[in-house]
Amino acid sequence: MNKAEYEQSELYKLRHSAAHLMAQAVTELFPGVALAIGPPIENGFYYDIDFPEPLREEDLTKIEKKMRELSNLKQPIVRREAKDRADAEKIIREECSLGQPNGVVKYKLELLEDIPEGDPISFYEQQATDKQGNEHMFIDLCRGPHIPDTGTIKHFKLMSLAGAYWRGNVKNKQLTRIYGTAFETKEELELYLHNLEEAKKRDHRKLGRELGLFMFSDKVGPGLPLWLPKGAVLRDTLSDFLKSEQLHRGYEPVVTPNIASKRLYEKSGHILTYKEKMFPFMEDDEKETFILKPMNCPFHIEIYSSTLRSYRDLPVRYAEFGTVYRYEQSGELAGMLRVRGFTQDDAHLFVTPDQLLPEFKGVVDLMMTVLKKLGLDDYRVRVGTRDPDDTKYVGHQDNWDRSEKAILQACDELGLAYEISAGDAAFYGPKLDLIIKDALGREWQMGTVQVDYNLPERFELEYIGEDSKPHRPIMIHRAPFGSLERMIGLLTEQYAGAFPLWLSPVQVAILSIADRHVAYAKSIAEALCGFERDIHLEDEQVPFTPVEATDLGLRVTIDDSRQTLGKKIRETQRLKVPYMLIVGDKDAEAGTVGVRSREDGDLGAMTVPEFIKMVREKLNS
RNA sequence: GCCACUGUAGCUCAGCGGUAGAGCAGCUGUUUCGUAAACAGCAGGUCACCGGUUCAAAUCCGGUCAGUGGCUCCA
């Protein structure tokens, strides 16, 4: 079900009504609360409420109980339209307030003001009398639609509490948001909760620890990841893949430092626009102030402008896996998905106006190649354009028009499905972002391509054109992964830790059955990885024919611990190694290995060349 | 940064006013074993940190730090 279908569905109405039911329960339990807004959302609903006293998580059970009582009253939900604005205000003040002081409807009155002149103003009302003769009643300003009666709201659960600013603005009061979910059947609700539990098992933070990929340390600091050996192998493998792809596409590597003089970022304008995201400056009264870099672009620009450029030199494509540091708000850090020090697969392209479209297309093509290789097919493409009402953007109107047009044209010519999001442009230019969901359904911006007229202007970049006159190049910022940290975090969740063969930190684990098989295991490992391994052999070994070396360069481990085979298999499977090779007496004698695949289990005995052939095919497919 | 919640051994968790417990992992020994956990023993914790209440605090209260779910922002 897509978004539009969902918003038309019965489920959507059910959840909207569940939000109202929850609000009714809250107003009964906590008289004096001020209701703000309570819409259905992707997996449920929420209601933002201003509580005079802070709400505690344990109160949720109480609210749920009250909701069940109110649901059982089978209150009919009735739509009522106000005659005019004055009538609507009267209804809000006199009826929505439920006899409480008028402050409880202040948000509703604000919402009323936002309803455009001429639009119908509707309310939804529900009421009933319980067995004890107590009257229950609730009415809310609401566009609707709703389900006919509250008795249908049976399978729901309140999920969590959160603070949320009124109208999403930090300057406004923070309200208490209660998240809940509701389904049409008990089974659907249970399935949803079950899937949530399953998703937690795929969480990259859990898998990162279990698989030994990365860690955080209090002594190092929040948001500063430490890559463990296996994680570092993943990083290298991923980087090598992109570097080789970029080499074929005419990128040139550059390397720049991690800190720079404050003057560089004054020139770029980041001090003005980005200061609150930067780590504290390294100040020295007498000498220069230095800044830990939050972005790579100014460095690449300095390289560009270090020499006179001809139109014949363009496009210039400078690529760098550059580590940047951003002082993200503490509450925003999230495992590897948002950290304070991360490495961007960054590059900056300096192009002539004529080259903008083909180069942009080239970048998008590279991104598609990357997504395909990584097996990521569930993503959305967002083109961020200006918000016409906002004044934060720099640069000339016609440059913006031209670059927005170029982006859309590139997407159309590549047959890319995209959505336009006004207001999601960078302040210096429009951009195209790839957005991917994590295990818990949260969306993250991954790859990005951004058109920039601003920095070339600020740094007065030039190239000499065919007419022998200086011209200003256009910059394209781009990062197909986005960052290695976020990409690896996401990939870990996508694959639930079972990385494809080419990417797996350990590709083959050789399990010796008894001590006397270690020499044979070692000879196979050497053949597969292509270099000698230093393993001390003390016990007597079974005789075997040495296996011929390959240039495969596989990442191989040997488990020669004195454990039962079952134990070794279990442990190796836990580590999600794609292939296990089990070697015992029969194998040493026959020159075979017992192959066990991560996905398909025991594949039986193969000769070593047969296994190598299978792996080769798998790697090339 | 703000709101709510959490913080006990490497990991998963129990204990929730009377001075710390399990399973797995680790170590030692025995076992040398053919497709998802051999057996036995040992060791491991100023119960995140600081302060308070109490005869007594892992347990109650306050603060700090870190993590989790959200909000605002973003690769």
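Computed from a predicted structure; not experimentally measured. Per chain, numbering begins at 1; letters A, B, ... match sequence-line order.
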Distance-only check: which donor-acceptor pairs under 3.5 Å involve side-chain atoms of residues 367-377 of chain A, not counting sequence neighbours?
| residue | atom | partner | partner atom | Å |
| --- | --- | --- | --- | --- |
| A:Thr369 | OG1 | A:Arg249 | NH2 | 3.1 |
| A:Thr369 | OG1 | A:Asp365 | O | 2.9 |

* Structure fact -> The Watson-Crick or G-U wobble partner of B:A57, with both key distances under 3.5 Å, is none
* **Pairing partner of B:A25 (Watson-Crick or G-U wobble, both distances under 3.5 Å)** => none
Could you check whether [X] gets within reach of a base, just the sugar-phosphate, or nothing at all, counting any heavy atom under 4.0 Å?
| X | value |
| --- | --- |
| A:Glu57 | sugar-phosphate |
| A:Gln329 | base |
| A:Met446 | sugar-phosphate |
| A:Leu484 | nothing |

OP1 or OP2 of [N] under 4.0 Å from side-chain N/O of [X]:
| X | N | value |
| --- | --- | --- |
| A:Ser483 | B:A75 | no |
| A:Gln344 | B:A75 | no |
| A:Lys431 | B:A75 | yes |
| A:Arg516 | B:C33 | yes |
| A:Arg326 | B:C74 | no |

Pull out every protein N or O sitting under 3.5 Å from an N or O of nucleotides 9-11 of chain B, one pair per line with the distance.
none

* Footprint string (nucleotides 61-71 of chain B, 5' to 3'): B base within contact, S backbone only, - free, heavy atoms under 4.0 Å -> -----SSSBBB
* To do: Using the closest heavy atom to pick a nucleotide of RNA chain B for each, name whichever of A:Glu276 or A:Arg596 lands nearer the 5' end.
  => A:Arg596
* RNA chain B: 5'-proximal contact among A:Arg338 and A:Gln573 (nearest heavy atom) -> A:Gln573
* Are side-chain heavy atoms of A:Glu64 and A:Phe156 found at a separation under 4.5 Å? -> yes
* Check: A:Phe183 ring centre within less than 6.0 Å of A:Tyr192 ring centre -> yes
* **Close residues, residues 579-595 of chain A, relative to RNA chain B [heavy-atom separation under 4.0 Å]** => A:Ile582, A:Gly584, A:Asp585, A:Lys586, A:Asp587, A:Gly594
* **A:Lys275 NZ/CZ over A:Tyr327 ring centroid, <6.0 Å and within 45° of normal** => no
* Structure fact -> Applied to residues 199-228 of chain A, the ring pair (Phe, Tyr, Trp, His ring centres under 6.0 Å) test, sequence neighbours excluded, yields A:Phe214-A:Trp227
Using a cutoff of under 3.5 Å, can you pull out all pairs of nitrogen or oxygen atoms linking the protein to nucleotides 25-27 of chain B, with atom names and distances?
| residue | atom | partner | partner atom | Å |
| --- | --- | --- | --- | --- |
| B:A25 | OP1 | A:Lys567 | NZ | 2.9 |

